[in-house]
Amino acid sequence: MAKLKRLLITGAAGALGTQARSHLADLAEEIRLSDMVPVAGVNGNEEFIQSDLGDAAAVRDLVDGCDAVAHFGGVSTEKTFELIERGNIRGVYNLYEAARVTGKPRIFFASSNHTIGFYRTDERLDAFTPPMADGLYGASKVYGEQLALVYWKKFGIETARVRIGSCFPKPRNRRMLSTWLSYRDLFSLVERCFIVPRLGCPVIYGVSQTRSGWWDNSHVGYLGWEPLDTSETWREELETSEPQGPVDAPDALYQGGGFTAEPIHQE
Ligand code: NAI
Ligand code: 15L
């Protein structure tokens, strides 16, 4: 497999960015890391540039010289509009403008299941189901997905728009039996998105094998991505340790679970 020349990982100090550093170390000759806060140490083929996604000039310098971007940076939960605007609205605009005026790198955009969080748990979705965000955070990811599509249609910049479910070492609650994505499956997806000859701009649901069947990825068979892990490994443990919640609890009603009940944060 031919290596990428330089891969930019944004959000490199965060949970998934930190995992990306070890899982993707061999994917590129050079790895450029960035975050608004420092990362823990810098390894052999890595460099670190501290910057805020809201700073257009800094983002342009970051993207310059990269042939691929794994975009994990930004606000990752429900927060104030000001924080979300900087990281996920302006930040994504800055990323795509930087991509347009530099080398048009291929982008892995870490979108979220909260773009569709207000669909009910008995509904089945595919890539063409209209978004139904469950808050400001989810709406900002819908914006990011749409901006990616604009830059694909107008400028040919390819993006994997990946609606990640719940990416943690293991499912943390009953809802995550339907949404869990293992680190191994996430990073095999990132790799496939960067090595397939033609990516385009697909919406992909980032989920390991699950019985729930909420999300249909059948239109992205061309990626050759096969999740290997399954949330079923933890079903018995979770169903024993966690009592079944009320039938009208957010986790029971909506795919976005508790995010659907979050307030609009003012501070
Ligand atoms: P995280 O919150 O641990 O990491 C995000 C990183 O982005 C942080 O290190 C933070 O400092 C950085 N960041 C925030 N605003 C910034 C700004 N304005 N400029 C520069 N850096 C900024 O989140 P995590 O869990 O690593 O998620 C990574 C991405 O994946 C996020 O975009 C999140 O929305 C998405 N995602 C994650 C899921 C998960 O289960 N972990 C599920 C769905 C989506
Ligand atoms: C997300 O989008 C968040 O970034 C992550 O922290 C989890 O809360 C995840 O969704 C989820 O829905 O479990």
Side-chain angles (χ1 to χ4, degrees), residues 11 14-17 19-20 23-24 70-72 76-77 107-135 137-138 141-142 144-145 148 159-194 196 199-239 242 250-260:
L16 299 188
Q19 290 296 322
H23 284 84
L24 303 178
H71 185 53
F72 290 112
S76 62
T77 54
I107 298 174
F108 180 98
F109 174 60
S111 184
S112 169
N113 71 88
H114 297 290
T115 54
I116 46 82
F118 258 124
Y119 280 99
R120 298 178 74 101
T121 52
D122 59 2
E123 292 179 283
R124 301 290 171 261
L125 320 183
D126 68 16
F128 308 103
T129 310
M132 204 187 294
D134 57 24
Y137 164 64
K141 293 290 187 180
V142 174
E145 289 184 358
T159 298
R161 299 178 289 163
V162 181
R163 292 177 178 166
I164 300 173
S166 306
C167 193
F168 298 103
K170 62 184 204 173
R172 295 177 165 179
N173 51 44
R174 287 175 182 244
R175 168 180 170 268
M176 290 190 191
L177 292 172
S178 300
T179 60
W180 182 66
L181 174 65
S182 71
Y183 291 146
R184 174 166 69 157
D185 288 342
L186 168 64
F187 293 108
S188 70
L189 174 60
V190 176
E191 274 199 37
R192 292 307 307 164
C193 290
F194 285 138
V196 283
L199 174 65
C201 195
V203 165
I204 305 161
Y205 290 94
V207 66
S208 290
Q209 294 174 34
T210 161
R211 236 205 253 167
S212 77
W214 286 355
W215 305 327
D216 175 358
N217 268 331
S218 54
H219 69 291
V220 285
Y222 68 92
L223 294 176
W225 177 57
E226 295 289 347
L228 298 176
D229 295 309
T230 173
S231 57
E232 286 305 311
T233 310
W234 285 278
R235 180 176 293 278
E236 200 182 326
E237 179 184 318
L238 275 167
E239 290 184 347
E242 194 189 308
D251 272 15
L253 289 178
Y254 299 114
Q255 297 188 4
F259 279 59
T260 62

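In what follows, every heavy atom counts, from backbone to side chain, and hydrogens, waters and symmetry copies are set aside.
- The shortest side-chain heavy-atom distance between Ile204 and Leu223 falls under the 4.5 Å cut-off.
- A tilted orientation is assigned to the rings of His114 and Tyr137, their planes being inclined by 30° to 60°.
- For the pair Leu189 and Leu181, the minimum side-chain heavy-atom distance is 4.5 Å or more.
- For Asp229, the side chain to side chain donor-acceptor pair (under 3.5 Å) partners are Ser182, Arg184, not counting sequence neighbours.
- Applying the salt bridge (Lys or Arg N to Asp or Glu O under 4.0 Å) criterion to Arg161, with sequence neighbours excluded, gives no partner residue.
- To the nearest 0.5 Å, atoms NZ (Lys170) and CH2 (Trp234) are separated by 7.5 Å.
- Side-chain atoms of Gln255 never come within 3.5 Å of backbone atoms of Asn113 as a donor-acceptor pair (strictly under, hydrogens ignored).
- Atom OG of Ser112 is separated from atom CG of Asp134 by 7.5 Å, given to the nearest 0.5 angstrom.
- Interatomic distance, Trp180 CH2 to Thr230 OG1, rounded to the nearest 0.5 Å: 7.5 Å.
- Residues meeting the salt bridge (Lys or Arg N to Asp or Glu O under 4.0 Å) test with Glu239, sequence neighbours left out: Arg235.
- Contact between Cys193 and Leu199 at its shortest, heavy atoms only, is O-CD2, 3.9 Å.
- In this structure, Val162 and Ser111 have side chains that are not in contact, with every pair of non-hydrogen atoms separated by 4.5 Å or more.
- Judged purely by atom type and a 3.5 angstrom limit, Tyr205 has no side-chain atom pairing as donor or acceptor with the backbone of Thr179.
- The side-chain heavy atoms of Arg124 and Asp216, taken from C-beta on, include no pair separated by under 4.5 Å.
- To the nearest 0.5 angstrom, Tyr119 atom OH is 6.5 Å from Leu125 atom CG.
- In terms of the salt bridge (Lys or Arg N to Asp or Glu O under 4.0 Å) criterion, Asp185 has no residue partners (sequence neighbours excluded).
- Counting heavy-atom neighbours within 6.0 Å of Glu226 CD, excluding the residue itself, gives a total of 12 or less.
- Of all heavy-atom pairs between Glu242 and Arg172, the closest is OE1-O, 4.2 Å.
- When all heavy atoms of Ser231 and Pro171 are compared, the pair lying nearest together is CB-CG, 4.2 Å.
- Taking CH2 of Trp215 as the reference point, atom CZ of Arg163 lies at 10.0 Å (rounded to 0.5 Å).
- Aromatic ring pairs are classed by plane angle as parallel below 30°, tilted from 30° to 60° and perpendicular above 60°; the pair Phe108 and Phe72 is tilted.
- Lys141 places a side-chain N or O within 3.5 Å of a backbone atom of Ala110 that can act as its donor or acceptor partner.
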*Trace of the side chain to side chain contact (heavy atoms under 4.5 Å, CB included) decision for Ile116 with Thr129*: CA-CA 9 Å; Ile116 46 82; Thr129 310; 5.7 Å; no
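- Trp225 meets the side chain to side chain donor-acceptor pair (under 3.5 Å) test with Ser188; sequence neighbours excluded.
- Counting only heavy atoms from C-beta outward, the side chains of Ser178 and Thr121 never approach each other to under 4.5 Å.
- For the atom pair CG of Leu186 and OG of Ser208, the computed distance is 9.0 Å after rounding to the nearest 0.5 Å.
- Partners of Tyr254 under the side-chain contact (heavy atoms from CB on, under 4.5 Å) rule, at least two apart in sequence or in another chain, are Phe118, Arg120, Thr260.
- Between the Thr210 side chain and the Leu177 main chain, a donor and an acceptor come within less than 3.5 Å of each other.
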*Stepwise side chain to side chain contact (heavy atoms under 4.5 Å, CB included) test for Thr115 and Val203*: CA-CA 11 Å; Thr115 54; Val203 165; over 6 Å; no
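- The shortest side-chain heavy-atom distance between Ser166 and Arg175 falls under the 4.5 Å cut-off.
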